[in-house]
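Residue numbers run from 1 in the order of the sequence given.
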Amino acid sequence: MFFFFTISATWASDKTDDLENFLKKATSTAFELGLNIDDYPSSFTVFDRQLIERTGATTIAELLRFVPGIEVIRENNGSFHLIIRGNYSDRRVLILWDGQPLNVLHTRRALFFIGALPVDILERIEISRGPSSAVYGSYAVGGVINLIPRKWNNGGEIGGAIGSFKSKRGFASAGFIKNGFDFQISVGASDSEGDKFVVKDVIGIPGEVNTAQGTNWQEFRIRKDNFTFKFFRFFVDLTHYYGITDRLARSDNPETQAEQIGGQFAYNLDLISGINTSFYLNWRENNIDYGKYYIFHQFPPETIINIPASDQPTLATEKIKLQEFTLGTKFHYSYHKHHLTWGLETLKNSIRSVEFYANRSVPDLTPLGELVRQKDPWPHVSEKMWAIYFQDRWEISPKNELNLGLRYDKYSGFKGQWSPRLVLIHRFSERFLTKLIYGHGFRVPDLDALYNNHYPLVSGNPNLKPEKLDSLETVFIWKPTQRQRISFSCYRMWLRDVLGRRAPTNLPGWHFRQGGDENVLGTEITYRYQGINWDIYLYGSYQWGENEFDEPRPYVANVLAGGILSYSFSFLPLEVNLGINYVGPRWRDKHNPVDPEASSFVPDLRPKLKGYTNVNLKLIYKLSSRVTIWAGGTNILNADIRYPSSYGAIPDDYREAGRYMEAGIKINF
């Protein structure tokens with residue numbers, strides 16, 4: 001398909017010069033550099049509003065599956081997990097809302113609940129793959145995803161859709177810009193009862209699970225001359241799906257509710273000699289309610305079987321609240337061939353309150369007869385950090401550019417961490433260039449890994465140290481014609497002192513441990529053609545990783561591929577869009593380490609998890625210049641999509657929803 005479309009697109013005629021030129025679009029200044037995508041110092045992918053709609057994706061999780069090297073899975077508690085370049089942890093990826101971090105504050109997970117938000121909130125999405133700690137510090141060790149909200153110039157949009165599983169959603173956004181005043185607002189909500197199916201757990205207990213979820217959001221931005229104020233609120237209600245941990249959820253309130261509220265105050269001004277600066281204060285709050293859930297299932301099956309039938313199961317409820325404040329300043333200055341950026345930043349993240357109730361005392365599991373408040377499993381500790389950083393984009397010659405970045409982070413309780421990045425860009429011609437990239441990143445243990453005290457369910461480890469990653473990458477970009485762009489990259493990454501959660505056979509529950517070293521290598525390719533009628537986007541990636549036992553990394557697909565084919569009729573205001581995702585087979589976990597000093601393992605004897613192909617179809621019809629309707633669906637071929645379960649959980653893995661169909665309308669004003 002790749003070579004066919006390359007050749008056919010080269011022969012296609014270029015009839016209109018005013019067609020939006022994808023190749024010259026700049027990235028948002030929220031990503032600090034405001035560069036053309038060819039010049040950005042990493043492997044970089046941008047989806048604008050038009051391409052987002054053409055994917056047929058309805059949520060952010062579905063949208064990210066169209067990015068090379070990225071796989072998104074749904075975990076047993078209904079939350080979303082990001083795999084990027086073979087790294088099975090979205091704790092290594094920083095997700096931003098218009099430049100402000102969104103990662104959950106105690107686990108630093110990126111897509112935990114954000115993945116459920118509808119794509120209706122997005123104007124565009126930017127993805128930088130590879131170490132970005134030189135710019136953003138910890139938790140950007142694997143890459144950065146920037147979500148950019150809708151923006152209007154004296155206009156707006158209102159719309160909605162209904163679909164399968166009694167799903168419905170509505171959205172509205174508007175904005176105006178006049179006399180130095182810029183106001184933007186966006187609101188919306190979605191709800192779905194989800195696909196339902198019956199499954200059995202490892203000891204044969206049946207139960208009904210579903211993929212239900214609901215969301216609502218509100219956000220606005222106000223800018224007057226040099227002053228900016230932003231506010232956002234995201235709320236997501238997730239079903240427990242397959243249970244809060246490893247067994248079916250059979251409680252009377254199996255939902256997890258997650259809320260994030262935040263905002264930013266910023267002031268920009270020009271100093272002497274062409275130096276411009278900005279001062280900012282970011283604040284946000286996480287409120288997470290895990291609902292009611294059974295927790296005795298963390299113990300070995302033989303322990304559960306031996307519990308007398310007269311004994312009550314272990315039922316618990318839990319809520320947690322956290323706050324984070326970030327204060328910083330940035331400076332920008334251009335001097336001859338140098339474009340300099342430097343700044344300072346300080347952060348404080350703290351657990352504000354915890355409510356944990358159980359009908360058994362923890363950790364001895366003595367029956368209590370009713371839900372009784374237990375000792376807080378999260379100590380009220382704070383995470384503090386200060387950092388200083390510097391970048392220089394140096395135009396050495398018309399064909400060569402050097403990008404140097406260096407950042408120093410000091411987290412309380414840990415040694416300071418240096419994060420360099422070095423990028424050389426060489427232009428062989430106007431149509432062909434290459435990037436040589438070296439990056440170093442780190443990730444400090446989050447509050448969850450350090451202080452989680454749900455023993456005997458989960459135990460943190462205050463003796464952990466930061467994990468580190470080094471990466472080498474070569475990127476080639478070729479533009480055969482003005483309407484085509486081909487990007488090909490090869491990379492190799494080395495992870496050291498990998499942080500992970502393990503389930504030793506000689507201890508109950510999960511324990512956070514420091515692992516060994518891991519290696520990952522891979523290639524990625526994308527092709528884009530924008531014509532008068534055709535819009536073609538194809539991608540593919542291959543990644544191979546080995547864990548500390550020199551075995552293939554579990555649960556990670558080696559091959560990802562797909563694309564978007566869009567055709568607009570010349571004689572009819574109709575657009576046909578086809579989106580395809582292929583996810584290859586995934587390995588099982590061959591080893592479950594008991595202790596860094598021991599060699600006792602529990603192998604997963606199940607065969608490899610099969611791959612799948614997901615197909616989306618979306619028809620878009622313009623009734624008028626202001627009214628648009630659409631119809632289509634995701635997984636229209638009803639592929640058997642399953643995500644990997646851990647050994648001893650659900651033998652048939654976690655099944656995703658089947659075919660979803662919807663119809664919608666939007667009105668511009």
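Side-chain N or O atoms of S397 include one that pairs as donor or acceptor with a backbone N or O of N400 at under 3.5 Å. Distance alone, capped at 3.5 Å, places no donor-acceptor pair between the T55 side chain and the L63 backbone. The backbone N or O of I564 lies less than 3.5 Å from no partner atom in the side chain of S566, so there is not a single donor-acceptor pair. For E546 (side chain) and E551 (main-chain N/O), no donor-acceptor pair under 3.5 Å exists by modelled atom type. Between the side chain of N533 and the backbone N or O of Y567, no donor-acceptor pair lies under 3.5 Å. Between the D409 side chain and the G137 main chain, no donor and acceptor come within less than 3.5 Å of each other.
Outside the 6.0 Å centre-distance limit, the rings of Y537 and F66 are not counted as a close aromatic pair. Between F234 and W97, the distance from one ring center to the other falls under 6.0 angstrom.
Only one option out of I437, T474, V475, V520 pairs with Y491 in a side chain to side chain contact (heavy atoms under 4.5 Å, CB included); it is V520. For the side chain to side chain contact (heavy atoms under 4.5 Å, CB included) criterion with R642, the lone passing option out of K610, R586, R655, R74 is R655.
I95 has its side chain within reach of L147: a pair of non-hydrogen atoms, C-beta onward, lies under 4.5 Å apart. Inter-residue side-chain proximity for L117 and V236 is flagged as met; some heavy-atom pair is nearer than 4.5 Å. Taking 4.5 Å as the limit, every side-chain heavy atom of I525 sits out of range of all side-chain heavy atoms of S541. By the 4.5 Å heavy-atom criterion applied to side chains, Q484 and K479 are not counted as neighbours. Within the 4.5 Å cutoff, the side chain of L122 has no heavy atoms near those of the R150 side chain. Between P445 and F414 there is a side-chain heavy-atom pair separated by less than 4.5 Å.
By the 4.0 Å N-to-carboxylate-O rule, R606 lies close enough to D653 to be salt-bridged with it. Of the charged side-chain nitrogens involved, at least one lies within less than 4.0 Å of a carboxylate oxygen, so that R54 and E575 count as a salt-bridged pair. Between K468 and D517 no salt bridge is recorded (no basic side-chain N to carboxylate O distance below 4.0 Å). Checked for salt-bridge contact, R109 and D448 miss the test: no charged N lies under 4.0 Å from a carboxylate O. Salt-bridge annotation for R393 and E401: present, with a side-chain N of the basic residue lying under 4.0 Å from a carboxylate O of the acidic one. At a threshold of 4.0 Å, the pair D90-R92 does not count as salt-bridged, since none of the basic side-chain nitrogens sits closer than that to a carboxylate oxygen. The pair K435-D38 does not meet the salt-bridge criterion, since no charged nitrogen lies less than 4.0 angstrom from a carboxylate oxygen.
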Begin with the C-alpha distance, continue with both residues' side-chain angles, and end with the deciding distance and a verdict on side chain to side chain donor-acceptor pair (under 3.5 Å) for N519 and W544. CA-CA 8 Å; N519 296 319; W544 175 265; over 6 Å; no

Start with the C-alpha gap between Y654 and E656, add the side-chain angles, then the distance that decides, and say whether side chain to side chain donor-acceptor pair (under 3.5 Å) holds. CA-CA 7 Å; Y654 305 135; E656 181 55 291; over 6 Å; no

Take H339 and S334, measure what side chain to side chain donor-acceptor pair (under 3.5 Å) needs, and give me the verdict at the end. CA-CA 4 Å; H339 305 274; S334 295; 3.1 Å; yes

After noting the C-alpha distance and the side-chain angles of Y643 and Y612, does the key distance pass the side chain to side chain contact (heavy atoms under 4.5 Å, CB included) rule? CA-CA 10 Å; Y643 304 136; Y612 64 86; 4.0 Å; yes

Show your working on side chain to side chain contact (heavy atoms under 4.5 Å, CB included) between R124 and L51 and close with a plain yes or no. CA-CA 9 Å; R124 59 194 278 127; L51 192 58; over 6 Å; no

Determine whether T634 and K618 satisfy the following criterion, side chain to side chain contact (heavy atoms under 4.5 Å, CB included), listing intermediate values before the conclusion. CA-CA 9 Å; T634 61; K618 188 173 185 179; over 6 Å; no

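Every salt bridge (Lys or Arg N to Asp or Glu O under 4.0 Å) that D446 has, sequence neighbours left out, goes to R91, R443. With sequence neighbours left out, E524 forms a salt bridge (Lys or Arg N to Asp or Glu O under 4.0 Å) with R85, R129. Remark: S42 pairs with S128 by the side chain to side chain donor-acceptor pair (under 3.5 Å) rule, at least two apart or across chains. R108 pairs by the side chain to side chain donor-acceptor pair (under 3.5 Å) definition with E324, E383, not counting sequence neighbours. Looking at residues two or more places apart in sequence or on another chain, you find a salt bridge (Lys or Arg N to Asp or Glu O under 4.0 Å) between D497 and K465. In terms of the salt bridge (Lys or Arg N to Asp or Glu O under 4.0 Å) criterion, residue partners of D470 (sequence neighbours excluded) are, by chain and number, R496.
In this structure, a donor-acceptor pair under 3.5 Å is absent between the side chains of S419 and H440.
Of all heavy-atom pairs spanning G584 and A557, the tightest one is O-CB, 3.6 Å. The minimum heavy-atom distance linking V444 with S138 is given by the pair N-OG, 3.0 Å. Of all the heavy atoms in Y539 and A561, the pair that sits closest is OH-O, 3.2 Å. Heavy atoms only, all atoms of each residue included: N146 and G99 are closest at OD1-N, 3.1 Å.
To the nearest 0.5 Å, atoms CZ (R49) and CD1 (I125) are separated by 11.5 Å. Here the CG-NZ distance, from L433 to K399, works out to 12.0 Å after rounding to the nearest 0.5 Å. Interatomic distance, L404 CG to L422 CG, rounded to the nearest 0.5 Å: 5.5 Å. Between the CZ atom in F80 and the CG atom in L111 there is a gap of 8.5 Å [rounded to 0.5 Å].
Other residues, nucleotides and ligands contribute more than 12 heavy atoms inside 6.0 Å of the NZ atom of K608.
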